[in-house]
Amino acid sequence: MSAASDNRWFGDLLLSWYAENGRQLPWRETHDPYKIWISEVVLQQTRVEQGLPYYLRLTNRFPTVADLAEAKEDEVLKYWQGLGYYSRARNLHAAAKHVCNNLNGHMPATYEGLKALKGVGDYTAADIAALAYGLPHAAIDGNGYRVLARVFGINTPIDSTQGKKEFARLGAELVSTDNPGNFNQGLMDLGATICTPQNPQCDNCPLSGKCYALANKQWQQLPVKEKKTKVHDRYFYYFQITLPDGRIIANQRKGKDIWTGLFDFPMIENATELEQKDLFAGKDFKALRKRMKGLSVVKEGKSIKHQLSHQTLHATLFFCTATAATLKDCEQAVTAGEFDELAIPRLIELLREKEDP
DNA sequence: AAACCGGGGGC
DNA sequence: GCCCCAGGTTT
């Protein structure tokens with residue numbers, strides 16, 4: 001008896017549960033690999049509730065891979081604004097152009113072909129292959145790791161190289177060859193709605209009778225994760241500089257830091273919190289003042305704190321006027337209304353909401 | 001192997 | 001305050 005038939009119960013229970021309890025989502029009503037691809041990238045590290053409106057707007061504006069390929073990157077980023085992990089949008093756009101320029105506009109139809117696309121890794125390639133083409137590839141995401149670790153009592157860390165191999169092997173063994181798409185979707189839905197990180201609903205789980213973690217009261221210990229990310233503080237001091245003609249200075253961020261390519265205001269970063277007098281006495285502020293002739297600070301806006309996964313951003317916005325400006329480097333002046341149309345970091349949106357009416 | 005890349009929500 | 005989310009790329 002092969003290992004696959006030993007574990008047939010898993011796929012059988014999962015698929016019958018999914019048939020009754022699966023969520024109805026727009027990308028499940030199509031086999032269009034392009035639209036499935038969009039949904040996959042939007043939903044990387046993103047909850048369905050958060051990603052859904054972005055998926056709908058993107059597929060409405062860019063219904064085909066050619067529509068996406070022909071767009072400017074600025075517009076693609078604008079449709080991504082607020083979703084985070086902006087390299088996803090750049091990779092998606094670059095890959096769409098690659099499909100149109102080098103693959104005759106046809107999406108790859110194999111796991112290997114899909115994985116070769118920018119921004120498509122093991123998980124995404126496997127899920128598109130299963131959903132669009134019915135190929136028997138298991139797509140193990142964070143939900144899948146949790147379900148498998150609990151049901152089979154696997155304590156290998158899910159973020160280790162060995163763990164990834166072990167779970168991939170198990171997934172390949174379990175995946176339904178009849179309906180790999182529904183197998184993958186069912187595994188995710190089960191993890192997202194029943195086998196949740198906290199307070200799993202084991203009473204409603206189709207696998208409860210076979211679950212190691214439930215039988216051994218281990219669900220709080222599984223899955224095992226070894227890396228702890230630590231959060232550090234950053235202090236951003238922004239200057240919204242209004243020119244005599246009413247325009248304001250915008251700054252396009254460069255380098256490999258957060259929000260690369262997006263727009264914010266001229267700013268000074270310091271490793272520690274600064275008093276206003278120390279900030280204004282600093283050489284960075286003097287350099288800014290030199291570029292902006294007649295720069296004067298009208299008022300200080302409220303400070304806000306913006307919590308991210310790996311850093312805590314502390315931001316203060318100063319409202320300024322300048323009688324004249326020397327526009328250099330990446331800086332440019334835009335009207336206030338135009339600025340709102342740019343892909344601006346969430347932090348700036350929050351600061352502007354604090355602006356007095 | 002570890003670090004980096006966002007924003008939102010649950011508890 | 002900590003953890004997690006339909007992960008992938010870079011160093």
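Lettering follows sequence order; numbering is per chain, from 1.
Nearest nucleotide to the A:Gln45 side chain, out of C:dT11, B:dG6, B:dC5: B:dG6. Picking from C:dG7, C:dC4, B:dC5 the nucleotide with the shortest atom distance to the side chain of A:Gln311 gives B:dC5. In the set C:dC4, C:dG7, C:dT9, the nucleotide with an atom closest to the side chain of A:Asn91 is C:dT9. In the set B:dG7, B:dC5, B:dA2, the nucleotide with an atom closest to the side chain of A:Asp257 is B:dC5.
A:Thr46 has no side-chain polar atom (N or O) that falls below the 4.0 Å cut-off from OP1 or OP2 of B:dG6. OP1 and OP2 of C:dG7 both lie 4.0 Å or more from every side-chain N or O belonging to A:Gln44. Put simply, A:Trp80 has no side-chain N or O that comes within less than 4.0 Å of OP1 or OP2 on B:dC5. Proximity of A:Arg146 to the phosphate of C:dC5: a side-chain N or O atom is located under 4.0 Å from OP1 or OP2. Listed pair A:Lys256 / C:dT11 meets the phosphate criterion, a side-chain N or O lying under 4.0 Å from OP1 or OP2. For B:dC4, neither phosphate oxygen OP1 nor OP2 lies less than 4.0 angstrom from any side-chain nitrogen or oxygen of A:Tyr85. Regarding contacts with the backbone of B:dC5, every side-chain N or O of A:Arg90 stays at 4.0 angstrom or more from both OP1 and OP2.
You'll find the ring centres of A:Tyr55 and A:Trp27 inside the 6.0 Å limit. For an aromatic pair to be called close, the ring centres must be under 6.0 Å apart, and A:Phe285 with A:Phe318 fails this. Taking the six-membered ring for Trp, A:Phe239 and A:Phe319 have ring centres at least 6.0 Å apart.
Taking atom CG on A:Asp127 and atom C1' on C:dG8, their separation rounds to 15 Å, with Å as the unit. A:Leu77 places its CG atom 11 Å from the P atom of B:dG6, with the value rounded to the nearest Å. Atom CZ of A:Arg346 is separated from atom C1' of B:dG9 by 13 Å (rounded to the nearest Å). A:Asp159 has its CG atom 9 Å from the P atom of B:dA2, to the nearest Å. Atom pair A:Ile128:CD1 and C:dG7:P shows a separation of 13 Å (rounding to whole Å applied). Note: CG (A:Leu187) to P (C:dG7) measures 12 Å, nearest angstrom. Distance CG (A:Leu308) to P (B:dC4): 13 Å, rounded to an integer number of Å. One can place CG of A:Leu350 at 10 Å from C1' of B:dG7, the figure rounded to the nearest angstrom.
For the pair A:Leu313 and A:Ser160, both in contact range of DNA chain B, the more 5′-proximal nearest nucleotide belongs to A:Ser160. Mapped onto DNA chain C by nearest heavy atom, A:Asn184 and A:Lys118 fall at different nucleotides, with A:Asn184 at the one closer to the 5' end. Of the two residues near DNA chain B, A:His306 and A:Lys227, the one whose nearest nucleotide lies more 5' is A:Lys227.
C:dG1 and B:dC5: their P atoms are spaced 22 Å apart (whole Å). Rounded to a whole angstrom, the distance from the P atom of C:dT11 to that of B:dG6 is 15 Å.
Among the heavy atoms of the strands, none lies under 4.0 Å from A:Glu49. Within 4.0 Å of A:Thr260, counting heavy atoms only, lies no atom of the nucleic acid at all. Residue A:Leu25 is classed as a base contact, given a heavy-atom separation below 4.0 Å to a base. Counting non-hydrogen atoms under 4.0 angstrom, A:Ile258 reaches the backbone sugars and phosphates but no base. Contacts of A:Gly144 with the nucleic acid, taken as non-hydrogen atoms under 4.0 Å apart, are absent. Looking at heavy-atom distances under 4.0 Å, A:Val42 makes no contact with the nucleic acid at all. If you check every strand for non-hydrogen atoms under 4.0 Å, A:Trp27 touches a base. Residue-level contact check: A:Glu40 touches neither bases nor backbone, having no heavy atom under 4.0 Å from any strand.
Taking the six-membered ring for Trp and thresholds of 30 and 60 degrees, A:Phe339 and A:Phe265 have nearly parallel ring planes, at less than 30 degrees apart.
For A:Asp67 and A:Thr64, the side-chain atoms include at least one donor-acceptor pair closer than 3.5 Å.
With hydrogens and angles ignored, the 3.5 Å screen pairs no side-chain donor or acceptor of A:Asn21 with any backbone N or O of A:Gly186. Between the side chain of A:Arg28 and the backbone N or O of A:Gly22 there is no donor-acceptor pair closer than 3.5 Å.
Within the shown strands, C:dC2 is the pairing partner of B:dG10 under the Watson-Crick or G-U definition, both distances less than 3.5 Å.
Note that A:Arg88 lies outside the cation-pi zone of A:Tyr85, set by a 6.0 Å cut-off to the ring centre and a 45° limit from the axis.
One donor-acceptor pair, N or O on each side, does fall under 3.5 Å between the base of C:dC4 and the side chain of A:Arg47. Taking only distance into account, the side chain of A:His310 meets the base of B:dC5 through a donor-acceptor pair shorter than 3.5 Å. Donor-acceptor pairing under 3.5 Å, judged by distance alone, is present between the side chain of A:Ser309 and the base of B:dG6.
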